[in-house]
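Step one of this worksheet: look at the structure below.
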Protein chains: 2
Amino acid sequence: MNESFKALADPTRRQILRLLREKDRTAGEIADYFNMSKPSISHHLNALKHAGLVQDERQGQFILYSLDTTVLEEVLGWFLEFTGTGKESEMHSRTESKPKQNKDKNREVD
Amino acid sequence: MNESFKALADPTRRQILRLLREKDRTAGEIADYFNMSKPSISHHLNALKHAGLVQDERQGQFILYSLDTTVLEEVLGWFLEFTGTGKESEMHSRTESKPKQNKDKNREVD
DNA sequence: TCGATATTTAAATAATTATCTAAATATATA
DNA sequence: TATATATTTAGATAATTATTTAAATATCGA
């Protein structure tokens, strides 16, 4: 989830997602939308891929990128739960954690 | 909006938001939840504040931080629009932008 | 007013991320 | 098979962000 948040924290990457929302596109096609070298775009695509936000598939000479909405909806869920717009099940989570305890440091909750 | 995304891209800051969702807290109280110096937490609080995600108010000796959900709901809106879960009004936005045009570079859309 | 407490700001450094050019890999096609 | 096209990987550098200690600011209470 942290990877997703980090991936979304960049305007270029969000724009790439917007482009892929319209339709699947090749890496080069995506790169044409930006004033940036292809390696840089490749790097951003990689970040999105590692975050699980896009998928890629080689099609001959090209590599076709497509949106994967699964993780996006997880993040959406985070916001829904957070803002209280969503299901109430988590809203009265009185798991009031205590300060300075610092146990379970590697849990990776959100 | 970019500031908000960037602010949300850090686990410490998201945890701070979680803490503030439960109740308003002072800077020191927040800092006690982390293995991190107070100046570091102050820095994170500042990032959240600049993103419009939290507000602060001095109360005597202390500074009390509180959640501001307004921007959070904007970001939620971004996801709703993006995933198509929300109102359809924006879903058929066939504003199919063309590549390599690169006009209007400073618009700050999302 | 003085000393203690709460918090931030400053300054330095470390760590991460973004970006570029050049080179490598994979595929297509003549 | 040789050449051209599409994309990524490597390596270097620049830019941004996180973190710390030390100092500054603000308020409280004796």
Side-chain angles (χ1 to χ4, degrees), chain A residues 1-17 19-20 23-67 99-100 102 105 108 110, chain B residues 1-17 19-20 23-67 99-100 102 105 108 110:
Chain A
M1 194 87 161
N2 188 38
E3 291 253 356
S4 316
F5 273 107
K6 282 198 294 182
L8 288 164
D10 181 281
T12 301
R13 290 195 288 260
R14 288 197 302 278
Q15 186 59 39
I16 290 174
L17 293 180
L19 290 170
L20 292 180
K23 66 177 183 200
D24 298 356
R25 298 181 197 264
T26 67
E29 199 177 346
I30 293 166
D32 287 343
Y33 281 84
F34 300 92
N35 283 328
M36 203 177 288
S37 70
K38 280 164 201 256
S40 290
I41 295 298
S42 184
H43 159 261
H44 285 303
L45 286 169
N46 200 269
L48 290 168
K49 187 168 138 192
H50 272 91
L53 292 165
V54 306
Q55 294 177 340
D56 63 342
E57 180 193 3
R58 177 172 283 275
Q59 291 213 341
Q61 211 173 359
F62 305 87
I63 293 179
L64 192 64
Y65 280 86
S66 58
L67 198 60
K100 267 288 151 73
N102 205 272
K105 202 157 26 190
E108 181 59 274
D110 67 351
Chain B
M1 194 88 161
N2 188 38
E3 291 253 355
S4 317
F5 273 107
K6 283 198 294 184
L8 287 164
D10 181 282
T12 300
R13 290 195 287 260
R14 288 197 301 278
Q15 187 60 38
I16 290 175
L17 293 180
L19 290 170
L20 292 181
K23 66 177 183 199
D24 299 352
R25 297 180 198 264
T26 68
E29 200 177 345
I30 292 166
D32 286 343
Y33 281 85
F34 301 92
N35 284 330
M36 204 177 287
S37 70
K38 280 165 199 263
S40 290
I41 294 298
S42 183
H43 159 261
H44 285 303
L45 286 170
N46 200 266
L48 290 168
K49 188 167 136 192
H50 272 91
L53 292 165
V54 306
Q55 294 176 341
D56 63 342
E57 179 192 4
R58 179 172 281 275
Q59 291 211 342
Q61 211 173 1
F62 305 87
I63 292 180
L64 191 65
Y65 280 86
S66 58
L67 198 60
K100 266 292 150 71
N102 205 272
K105 198 149 41 183
E108 182 60 272
D110 68 349

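The analysis underlying the following values was restricted to heavy atoms, covering all of them including side chains, and did not include hydrogens, waters or symmetry mates.
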Quiz item: Would you say A:Gln59 and A:Thr26 make side-chain contact, with heavy atoms under 4.5 Å?
Solution: no

Exercise. Would you kindly give the NZ-to-P distance between B:Lys49 and C:dT7, to the nearest whole Å?
Key: 13 Å

Exercise. For A:Gln59 and for A:Ala47, locate the closest nucleotide of DNA chain C by heavy-atom distance; then report the residue assigned to the nucleotide nearer the 5' terminus.
Key: A:Ala47

Quiz prompt | B:Arg13 side-chain N/O to B:Leu8 backbone N/O, donor-acceptor pair under 3.5 Å | solution = no

Quiz item: Could you give the CD1-to-P distance, from A:Ile16 to D:dT7, as a whole number of Å?
Solution: 13 Å

Quiz prompt | Atom-pair distance (CD1 on A:Ile30; P on D:dA6), nearest Å | solution = 14 Å

Practice problem: Would you tell me if any nitrogen or oxygen in the side chain of B:Tyr65 comes within less than 4.0 Å of OP1 or OP2 on C:dT8? | Solution: yes

Practice problem: Please name all residues satisfying side chain to side chain donor-acceptor pair (under 3.5 Å) with B:His43, sequence neighbours left out, ordered by chain then number. | Solution: none

Quiz item: Which parts of residues 50-57 of chain B get close to DNA chain D, meaning a heavy atom less than 4.0 angstrom away?
Solution: none

Quiz item: How long is the line joining CD of B:Glu29 and P of C:dT8, in whole Å?
Solution: 13 Å

Quiz prompt | Separation of atom CD1 in B:Ile63 from atom C1' in C:dA6, rounded to whole Å | solution = 8 Å

Self-check item: Nearest-0.5 Å distance that lies between atom NZ in B:Lys38 and atom CG in B:Leu45
Solution: 11.5 Å

Quiz item: Closest to the A:His44 side chain: C:dT7, C:dA18, D:dT7?
Solution: C:dA18

Please produce a list of atom pairs where a protein N or O lies less than 3.5 Å from an N or O of nucleotides 2-5 of chain D.
from	atom 1	to	atom 2	distance (Å)
D:dT5	O2	A:Gln61	NE2	2.9

Self-check item: Listed nucleotide nearest any side-chain atom of A:Arg58, set D:dT20, C:dT8, C:dT27
Solution: C:dT27

Exercise. Give the rounded distance in Å between these two atoms: CG of B:Leu64 and P of D:dT27.
Key: 15 Å

Self-check item: Close side-chain approach of B:Tyr33 to B:Gln15, heavy-atom, < 4.5 Å
Solution: no

Quiz item: Where each residue is assigned the nucleotide of DNA chain C containing its nearest heavy atom, which of A:Gly60 and A:Ser40 is assigned the position nearer the 5′ end?
Solution: A:Ser40

Using a 3.5 Å cut-off and no angle test, enumerate the donor-acceptor pairs between side-chain atoms of residues 47-55 of chain A and protein atoms at least two apart in sequence or in another chain.
from	atom 1	to	atom 2	distance (Å)
A:Lys49	NZ	A:Asp56	OD2	2.9
A:His50	ND1	A:Asn46	O	3.2
A:His50	ND1	A:Asn46	OD1	2.9
A:Gln55	NE2	A:Asp68	OD2	3.2

Quiz item: A:Ile41 CD1 to C:dT21 P: how many Å, rounded?
Solution: 13 Å

Quiz item: Which residues satisfy the ring-ring contact (aromatic ring centres under 6.0 Å, His included) test with A:Phe62, sequence neighbours excluded?
Solution: none

Exercise. Kindly compute the distance separating CD (A:Glu29) from CD1 (A:Ile41), expressed to the nearest 0.5 Å.
Key: 13.0 Å

Quiz item: In Å and rounded to the nearest 0.5 Å, what is the NZ to CG distance from A:Lys6 to B:Asp10?
Solution: 9.0 Å

Self-check item: Spacing of OH belonging to A:Tyr65 relative to CG belonging to A:Asp24, to within rounding of 0.5 Å
Solution: 12.5 Å

Measure all distances between protein nitrogen or oxygen atoms and nitrogen or oxygen atoms of nucleotides 9-17 of chain D, and list the pairs falling under 3.5 Å.
from	atom 1	to	atom 2	distance (Å)
D:dT17	OP1	B:Lys6	NZ	3.2

Self-check item: B:Ser37 side-chain N/O to D:dT21 phosphate OP1/OP2 under 4.0 Å
Solution: no

Quiz item: CG/B:Leu19 to CD1/B:Ile30 distance, rounded to the nearest 0.5 angstrom?
Solution: 7.0 Å

Self-check item: d(CZ, A:Phe34; P, C:dA18) in whole Å
Solution: 14 Å

Quiz item: Within the structure shown, what part of the strands sits under 4.0 Å from B:Thr12 by heavy-atom distance: base, sugar-phosphate, or nothing?
Solution: nothing

Practice problem: Calculate, to the nearest 0.5 Å, the distance between atoms NE2 and CD1 belonging to B:His44 and B:Ile16 respectively. | Solution: 6.5 Å

